[in-house]
Each structure stands twice: as structure tokens, then as C-alpha cells.
Protein chains: 2
Amino acid sequence: MSEKNPHIHCQDCSMSELCLPHHLDPQGLERLDTIIQRHKPLHKRDVLIRAGAPLKWLYAVRSGSLKSYIIDEHGREQIIDFHLPGDLVGFDALSTGQHRSFAQSLETTMLCEIPIDSLDDLAVQLPALRRQMLRLMSDELFNGKQLVNTLNNRTAPQRLAFFLYSLSQRFAARGLSASSFRLTMTRADIASYLGLSVETVSRILSSLQDQSIIRVEQKLVHIDNITGLMEAAG
Amino acid sequence: MSEKNPHIHCQDCSMSELCLPHHLDPQGLERLDTIIQRHKPLHKRDVLIRAGAPLKWLYAVRSGSLKSYIIDEHGREQIIDFHLPGDLVGFDALSTGQHRSFAQSLETTMLCEIPIDSLDDLAVQLPALRRQMLRLMSDELFNGKQLVNTLNNRTAPQRLAFFLYSLSQRFAARGLSASSFRLTMTRADIASYLGLSVETVSRILSSLQDQSIIRVEQKLVHIDNITGLMEAAG
DNA sequence: CGATACTTTGACAACCGTCAACTTTGGTGG
DNA sequence: CCACCAAAGTTGACGGTTGTCAAAGTATCG
């Protein structure tokens with residue numbers, strides 16, 4: 001790598017524990033780092049992945065955030081996930097070799113680009129990498145299933161409280177503030193993800209604020225009573 | 001394998017195309033078959049997997065059916081999936097090495113038992129097996145995400161029509177009748193899976209019958225108007 | 001054959017989606 | 001830098017869908 005074009009390496013990346021490098025020895029880390037490309041920064045609203053496109057790379061979020069969505073038979077966008085730093089994007093394409101959902105940047109976002117063929121080759125040689133890939137997929141799989149239940153069996157206020165709480169936990173796992181963060185997605189995105197209407201999302205945010213559980217300033221959320229939030233989540 | 005105790009082999013199993021053997025060459029198939037054990041038959045209500053138990057085997061359903069569920073903080077059972085022949089059970093445990101959900105037999109059920117360590121060893125040597133494992137996980141992952149949306153954005157009648165339609169498709173993919181099948185799960189199981197009350201499930205089944213879309217005789221369902229069912233699913 | 005689990009049907013109320021109006025924010029071009 | 005307009009967000013009123021409670025009917029299992 002040239003001195004003129006310095007990149008962050010897996011060895012120095014603060015997200016490595018959440019990402020593919022987890023539990024890799026220094027030698028394995030080095031080899032993984034070699035196959036990983038750095039993608040040019042995405043601007044807000046850039047579309048990274050389109051459904052139907054052939055799978056060539058998995059992406060790891062280094063900073064920023066994205067939303068994944070599918071377009072239903074009526075042409076409406078349905079949010080299926082939000083991706084934060086350390087998350088891998090693209091696993092759902094391993095099945096058909098084609099992406100099945102879209103991924104769009106919610107803000108300026110930095111990504112690592114992992115060629116899927118090289119990753120497969122390397123996984124054969126590194127058991128720890130293999131295990132971590134399976135672990136990440138397995139987690140995503142279980143989270144998806146659990147989410148169905150979480151949403152199905154909860155009222156609108158419980159869903160939103162759950163959403164905020166789980167975002168808070170995810171930020172904390174990334175070394176960021178659990179009590180104060182920015183919602184990079186719109187209320188409509190949240191509504192779609194939780195299966196609610198925009199109006200309901202807005203009303204409940206106001207209501208949680210009235211209960212002194214959170215404070216909302218546009219996109220900014222402060223959690224003032226995390227216990228209250230957990231209780232509100234059911 | 002002894003003559004006295006003849007077992008079905010992967011080579012002869014009618015579910016192999018849906019299962020791990022998919023796209024394996026004869027030699028690979030042979031090797032896979034060697035590591036697979038046949039589990040003793042489960043009776044109705046037998047619990048195959050308990051959350052928290054260490055992951056030792058993945059299971060492939062050869063015949064019969066199971067439900068997967070988690071137990072929520074209030075001790076209530078939440079159904080997260082139903083497993084039919086050809087399905088693999090246990091992927092959600094790859095993350096922690098411990099099972100995270102329960103699996104219980106809904107009827108007499110025959111299973112193959114695949115030691116996870118041997119499977120990992122074999123996957124290193126057989127790219128086609130590796131690809132099929134990832135494909136199965138990726139499919140399950142995407143289905144889970146899609147299900148969230150399907151349920152979130154649909155009314156109760158649409159959810160139930162969707163459920164019946166998707167069961168019908170799954171039976172068809174297994175060479176069984178798409179228009180006539182037995183619901184091995186209870187109404188309460190369906191309700192939990194779809195996020196509805198038992199009463200609503202019961203009412204809607206009656207309503208779909210009144211519309212001559214299906215006929216219901218206890219556990220037996222006949223689909224008389226598959227187009228109507230698809231439309232009812234939204 | 002009895003007990004228990006499962007299923008169906010009815011009545012009612014509440015939750016939340018829809019429609020509508022308005023305010024605020026953010027981006028674009030002059 | 002400001003003006004403008006579209007997009008995003010908020011708040012209110014209303015009605016339908018669906019959960020809850022209740023009760024009766026039916027299958028299943030020991």
C-alpha cells in the first residue's frame with residue numbers, strides 16, 4: 001500500500017471485534033487485510049446494492065450507516081434492517097449469488113469491500129474466519145426470527161421503545177454513547193421497519209418525551225431513563 | 001452399516017435436493033453420508049432441542065414436522081418457525097455454540113443427525129457442501145427478514161392466507177399435495193407464529209371457508225381456490 | 001369413558017391506521 | 001445569502017380491525 005494513500009487496516013480498525021477479524025491470529029488478520037479493498041465513501045442517499053445485482057463483494061461498514069430494504073409488489077419500499085459500523089452487509093445474497101435487497105446510505109459512510117471468492121478461499125484455510133462468518137450469519141438469522149416475535153407480540157409503544165433500546169445497545173457495543181445518539185433514518189424508515197404508520201411513530205416519540213423517558217430534538221435522541229425505556233419495551 | 005438395520009442413505013433420500021446433498025458429486029455424497037447418523041424417531045411432543053444446550057449436531061428433517069420456539073421473559077412460548085422434511089434445524093446455534101431456541105416434534109418425526117465438527121471438516125474439503133450450507137443459511141436469513149415485513153404490513157386475514165399459501169408451496173416443493181394437507185401444529189401455534197390471537201385465527205379460517213377458498217376439517221385443509229388464496233394474501 | 005386440551009362463536013372496547021391540516025427542515029437556484 | 005419549494009415531521013379526529021373476556025362445543029388421550 002502506498003504512503004500517499006493511507007488506509008485503515010483491519011489491524012487498526014476499532015470495529016474488528018464485531019467484524020470478520022474477530023478471534024483471528026495476527027497472521028490470519030494480515031491475510032484477511034490483504035484481500036479487503038476500501039470502497040470509496042458513500043454520500044447520503046447513495047445506493048450501494050440493488051436487488052438482482054450479482055454478488056461480488058460483501059461490505060463491512062466502517063463508519064456511517066445504511067438501510068436495507070426490499071421493494072414489494074406494490075412498489076413500496078419495506079425496510080428490513082439498519083446497518084451500523086462493524087456490520088456486514090450482503091449475506092442474503094449468498095443463496096442465489098444475486099442480491100435480494102437494496103442497501104442505501106443514510107449518511108456519509110465508509111465501507112470495506114470483501115471479494116466473495118477470495119473470502120471463500122481464505123475461509124477454507126482459516127478455521128477462525130470460517131467460524132466468525134457462520135457466527136455473524138447465525139446471529140443475523142436469529143435476530144431476524146426474534147424480531148418477528150418482538151414486533152408481533154407488542155403494541156406500538158412497546159415496539160418503538162424496543163427499537164430505541166436496541167439501537168442504544170448497539171451503539172454501546174461500538175463504544176459510542178448509549179444514552180445520546182442521532183437517528184440517521186427518517187421517521188418513515190422507522191415506521192416501515194416496525195410495521196407502524198409515520199404518525200404513530202411521531203406520536204409515540206412525543207409520548208415517551210412527555211413521560212421523561214427520552215428527549216427528542218429532531219434527529220437527536222437522549223435517553224434519560226433507560227430503565228423506564230426497558231420497561232416501556234415490555 | 002449392518003444389513004439388520006437398514007437406513008435410508010442420502011443417495012436415496014427424496015429430500016436430498018432441498019438438503020445438504022444438493023449439487024454434491026457422488027463421491028462427496030458418499031462422504032457426507034458417512035458422517036450422518038440416523039436419529040431415533042421422535043414421538044409427537046418430544047423435545048429435540050432445548051435453548052442453552054450445547055450445539056453438537058444439526059438435524060435434517062426426513063419426515064414429519066417440528067416447531068421452533070423461544071420462551072419469552074414472561075414464560076410464554078413464541079413460535080418462530082415450522083420445519084418440514086428437507087429443512088435443517090439448528091443454524092441459530094452456530095453463533096454461540098449453544099442452542100438459542102427450542103425444537104419440538106409436532107408428530108412422529110424422522111431425523112438425520114449431522115455432527116457439527118465433522119460437517120465443518122468436510123465443508124473445508126467440499127466447496128459444493130460449503131456453498132449449500134451458506135445457501136441454506138442465507139435463505140433462512142432472508143426468509144426471516146421478509147417475514148417481518150410480510151406480517152407487519154398485512155391484516156390478519158392476509159397473514160393467514162399468506163401462511164396457508166406458503167405452506168402449500170413448501171409442500172409442493174417436497175413433492176406433496178399443494179392443495180390438501182394436514183396442519184400438524186395447533187391453532188395456538190399458528191396464532192403465535194403470525195402474531196394473532198387464537199380466536200382470530202379460528203374466525204378467519206371459518207371466513208376463508210365461507211368464501212369457498214378453503215375447506216377445513218379439523219387439522220385437514222383443502223385449498224379449493226388457490227388464486228383466491230393468493231389474492232387474499234395481498 | 002371421563003378429563004383435559006383444543007377449537008369455535010359472540011360481544012365489546014381499545015388501539016392504531018387513515019385522512020387532513022399545519023409546521024418545520026433542508027436543499028436548490030437565483 | 002436569501003427565497004422558495006419539496007420533503008419530513010407533528011398533531012387532531014374518526015372508524016375499522018383485532019385483542020380480550022366469556023361460554024359452549026368438540027377432539028384427544030389416558
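Residue numbers start from 1 in every chain, and the chains themselves are labelled A, B, ... in the order their sequence lines are given, proteins ahead of strands.
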Which two nucleotides bound the region of DNA chain D that has atoms under 4.0 Å from heavy atoms of chain A, read 5' to 3'?
-> D:dG9 to D:dA13
Please name all residues satisfying ring pair (Phe, Tyr, Trp, His ring centres under 6.0 Å) with [X], sequence neighbours left out, ordered by chain then number.
X        : result
B:Phe181 : B:Phe171
B:Phe91  : none
B:Phe142 : none

List for me each residue that meets side chain to side chain donor-acceptor pair (under 3.5 Å) alongside [X], sequence neighbours excluded, and say none if there are none.
X        : result
B:Thr186 : B:Asp189
A:Arg62  : none
B:Ser168 : none
A:Ser206 : none

Sequence neighbours excluded, every pair satisfying side chain to side chain donor-acceptor pair (under 3.5 Å) that has a member inside residues 39-55 of chain A | none
Please report how far the helix from C:dC1-D:dG30 to C:dG30-D:dC1 bends, comparing the axis fitted to its first five pairs with the axis fitted to its last five, to the nearest 10 degrees.
-> 60°
In the 5'-to-3' direction, what one-character label does each nucleotide of nucleotides 5-17 of chain C receive under the scheme B = base within less than 4.0 Å of a protein heavy atom, S = sugar-phosphate only, - = no such atom?
-> --SBBBB----SS
So, are A:Asp72 and B:Arg154 salt-bridged, with charged N and O less than 4.0 Å apart?
-> no
Who are the salt bridge (charged side-chain N to carboxylate O under 4.0 Å, His left out) partners of B:Arg174, not counting sequence neighbours?
-> B:Asp87
